[in-house]
Amino acid sequence: MAETDYRQLWRQCLTAARDRVPTSTFNSWLADSEFDSADGDVVYVRFPNEFMAKWARGHYGDLLEDLLRVVSGNSRISLRCIGDPAEVSAPAPPPVTRQPPARDYLHPGYTFERFVPGRNNELAHAGALSVAREFGHSRYNPLFIYGGVGLGKTHLTQAIGHFVRQHFAGCTYRYISSERFTQDLINAIGGHATYEFRRDYLNVDLLLMDDVHFMAGKERTQEEFFYRFNELYQNGKQIVLTSDRPPVEIPDLEERLVSRFQSGLVADIQPPEFETRVAILSQKATEAGFRFRLEVLELIASVIKDNVRQLEGAVNRLSASANADGSSLTPDEAKLLLADYLPDLSRIISTGSVLAAVAEDFQVAPSLIRGKQRRREVLLPRQVAMYLMRELTETSLVEIGRVFSGRDHSTVLHSTERIRHLMDEDPILKRRVQDLAKRLRS
Ligand code: ADP
Ligand code: MG
């Protein structure tokens with residue numbers, strides 16, 4: 001066999017190894033090996049130094065030899081890993097681990113089943129579901145999802161990957177961050193391997209490209225991506241992109257890319273509203289095997305407003321300290337447990353605590369106050385509760401309305417105005433409401 005054939009053989013062998021070895025390991029230890037020479041059935045492969053050769057031999061020698069046999073079709077081949085002679089005496093610092101393994105890796109929990117839909121992500125969620133279900137002939141190509149940090153872009157994107165992997169056997173996908181794409185491109189250019197790089201990116205039916213805003217100002221990356229994009233697109237392959245902002249707002253993004261990005265569906269994700277935050281908390285708690293009380297979840301949801309990752313952090317905190325399934329944890333205990341994670345919490349008055357205080361003061365069950373009855377004994381405490389929520393919590397009229405069996409925000413407005421008016425006329429009521437407010441604030 002000619003030397004070039006051997007080189008080619010070893011490269012195929014590495015490509016096969018790449019799928020079987022953790023990406024970071026592959027990049028750190030195996031990627032820089034090269035065919036050195038062959039002697040009969042013995043193939044010598046050279047590593048940058050003796051230390052790395054020894055490590056590769058010890059950890060992956062058998063695997064590499066097997067792959068070499070399969071790829072060459074010659075079962076007698078044996079592999080020898082050798083260090084670069086120029087580096088024999090080099091001390092052996094462990095090589096620096098390059099990028100974290102972002103490639104082709106789907107987080108096992110980032111599925112559609114675990115994604116909580118809400119009004120904040122309605123379009124993005126629907127778009128992603130449609131791309132997944134109608135994979136291969138979706139109207140939404142590319143699907144471009146944008147939104148702030150920690151709002152579920154990566155989760156939703158990977159959910160498409162999971163779905164396609166499960167339901168469309170034989171289809172290939174690639175999940176990659178733009179940061180990683182850029183890094184791969186730089187490596188490929190440096191290692192004169194742009195051909196392999198292009199082939200890697202062309203051999204997919206689905207490209208999930210995360211955080212494209214990272215390409216801002218990187219001309220060479222944009223150029224390369226433009227071509228990869230067009231090739232995939234013209235071959236009818238699905239592309240999903242995410243960014244922290246809409247295409248037009250990405251600074252220094254070439255006009256042609258902007259218009260490509262906008263040619264399918266552009267969908268945003270906003271910070272989740274109160275109920276969605278509660279639903280996400282509840283979902284995360286369930287996943288962790290906990291059943292916290294609704295008041296506890298509402299308490300957390302009232303302070304963390306614009307980052308789902310932080311919501312998760314709070315659940316993790318509580319899960320770590322709560323007993324059993326967490327169902328006996330009270331809002332006050334939760335406040336204590338979360339005091340250093342959420343300093344704002346101790347100052348926060350939740351709608352739940354207002355409700356509890358009013359219920360106690362008026363001796364009416366919280367469920368009646370929240371409910372639909374219009375008897376006077378419940379009407380007054382209900383309106384007082386609405387008033388205090390509006391005064392003391394950071395809850396919007398709409399959200400307050402939802403606490404009361406989904407009443408309209410104008411009802412809340414009307415009720416709070418009525419209490420204000422009554423307080424002007426009735427010093428006893430005024431005193432009572434002020435005392436309640438004082439107690440809640442303390
Ligand atoms: P982004 O990529 O937008 O920065 P991620 O997708 O990494 O955000 O989401 C951050 C965390 O919040 C993840 O653990 C994800 O599971 C969770 N998350 C975000 N939105 C939702 C949602 N709607 N339902 C369930 N989990 C969510
Ligand atoms: Mg992300």
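Heavy-atom basis, side chains included; hydrogens, waters and symmetry copies ignored. Ligands are counted one by one from 1 in listed order, and the atoms in each one are counted from 1 as well.
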Quiz prompt | Protein residue, atom and distance nearest to atom 8 (O) of ligand 1, heavy-atom basis | solution = Gly152 N, 3.1 Å
Quiz item: Do NZ/NE/NH1/NH2 and the carboxylate oxygens of Arg277 and Glu273 come within less than 4.0 Å?
Solution: no
Quiz item: What is the nearest protein non-hydrogen atom to atom 13 (C) of ligand 1, stated with its residue, atom name and distance?
Solution: Tyr110 OH, 3.4 Å
Quiz item: So how far is it from Phe404 CZ to Lys372 NZ, rounded to the nearest 0.5 Å?
Solution: 12.0 Å
Quiz prompt | Euclidean distance, Tyr146 OH relative to Asp268 CG, rounded to 0.5 Å | solution = 4.0 Å
Practice problem: Within a distance under 4.0 Å of any heavy atom of Gly148, pick out the atoms of ligand 1 and give their elements. | Solution: 3 (O)
Quiz item: Do any N/O atoms on Pro117 end up under 3.5 angstrom from N/O atoms on ligand 1?
Solution: no
Quiz item: Distance from Phe144 atom CZ to Ser263 atom OG, nearest 0.5 Å?
Solution: 11.0 Å
Practice problem: Mark up the atoms of ligand 1 that fall under 4.0 Å of a heavy atom belonging to Asn121, in ascending order. | Solution: 23 (N)
Quiz item: How far does CG of Leu436 sit from OH of Tyr387, to the nearest 0.5 angstrom?
Solution: 11.5 Å
Self-check item: Contact check, Gly150 vs ligand 1, heavy-atom distance below 4.0 Å
Solution: yes
Quiz item: Any salt bridge between Arg390 and Glu417, counting N to O under 4.0 Å?
Solution: yes
Quiz prompt | Proximity to ligand 1 by part of Gln283, non-hydrogen separation under 4.0 Å | solution = neither
Quiz item: Can Arg228 and Glu231 be said to form a salt bridge (charged side-chain N to carboxylate O under 4.0 Å, His left out), step by step?
Solution: CA-CA 5 Å; Arg228 302 291 74 75; Glu231 275 158 335; 2.7 Å; yes
Quiz item: Where do Tyr173 and Phe163 land on the ring pair (Phe, Tyr, Trp, His ring centres under 6.0 Å) test, with the steps shown first?
Solution: CA-CA 11 Å; Tyr173 66 90; Phe163 190 96; over 10 Å; no
Exercise. Please identify which atoms of ligand 1 are closer than 4.0 Å to at least one heavy atom of Arg114.
Key: 24 (N), 25 (C)
Self-check item: Sub-3.5 Å N/O-N/O distance, Phe115 and ligand 1
Solution: no
Self-check item: Lys153 neighbourhood, listing ligand 1 atoms whose heavy-atom distance to it stays under 4.0 Å
Solution: 1 (P), 2 (O), 3 (O), 4 (O), 6 (O), 8 (O)
Exercise. Check step by step if ring pair (Phe, Tyr, Trp, His ring centres under 6.0 Å) holds for His162 and Tyr110.
Key: CA-CA 8 Å; His162 278 296; Tyr110 289 0; 8.2 Å; no
Quiz item: Around the Mg ion (ligand 2), how many protein N, O or S atoms are there at under 2.8 Å?
Solution: 1
Practice problem: Please test Thr242 against Asp210 for side-chain hydrogen bond (donor to acceptor under 3.5 Å, both in side chains), starting from the C-alpha separation and ending with a verdict. | Solution: CA-CA 5 Å; Thr242 77; Asp210 212 354; 2.3 Å; yes
Quiz item: What residue and atom, counting heavy atoms only, is the protein's closest point to atom 16 (O) of ligand 1, and at what distance?
Solution: His155 ND1, 2.7 Å
Quiz item: Counting both backbone and side chain atoms, is some N or O of Leu151 under 3.5 Å from an N or O of ligand 1?
Solution: yes
Quiz item: So does Arg46 pair up with Asp32, basic N to acidic O under 4.0 Å?
Solution: no
Quiz item: At a non-hydrogen distance cut-off of under 4.0 Å, which region of Leu156 contacts ligand 1 (side chain, backbone, both, or neither)?
Solution: neither
Self-check item: Lys/Arg cation over aromatic Phe214: Lys218, 6.0 Å, 45° cone
Solution: yes
Exercise. Hey, could you give me the CG/CG distance between Leu232 and Asp205, rounded to the nearest 0.5 Å?
Key: 9.5 Å
Practice problem: Mark up the atoms of ligand 1 that fall under 4.0 Å of a heavy atom belonging to Glu312, in ascending order. | Solution: 11 (C), 12 (O), 13 (C), 14 (O), 16 (O), 17 (C)
Practice problem: Write out the residue and atom name of the closest protein heavy atom to atom 23 (N) of ligand 1, then the distance separating them to 0.1 Å. | Solution: Val116 O, 2.9 Å
Quiz item: Around atom CD of Glu360, are there more than 12 heavy atoms of other residues, nucleotides or ligands at under 6.0 Å?
Solution: no
Quiz prompt | Within 6.0 angstrom of Arg119 CZ, more than 12 heavy atoms from elsewhere | solution = no
Self-check item: Protein contact of atom 2 (O) of ligand 1 - nearest heavy atom, named by residue and atom, plus distance
Solution: Thr154 OG1, 2.8 Å
Quiz item: What protein heavy atom is closest to atom 27 (C) of ligand 1, reported as residue, atom name and distance in Å?
Solution: Val308 CG1, 3.6 Å
Quiz item: Between CG of Leu185 and CD1 of Ile189, what distance do you get to the nearest 0.5 Å?
Solution: 4.0 Å
Exercise. Can you pull out the closest protein heavy atom to atom 7 (O) of ligand 1? Residue, atom name and distance to 0.1 Å, please.
Key: Arg309 NH2, 2.7 Å
Quiz item: Is there any N or O on Val149 that sits under 3.5 Å from an N or O of ligand 1?
Solution: no
Exercise. Could you check atom 26 (N) of ligand 1 against the protein and tell me its nearest heavy-atom contact, residue, atom and distance included?
Key: Lys284 NZ, 3.0 Å
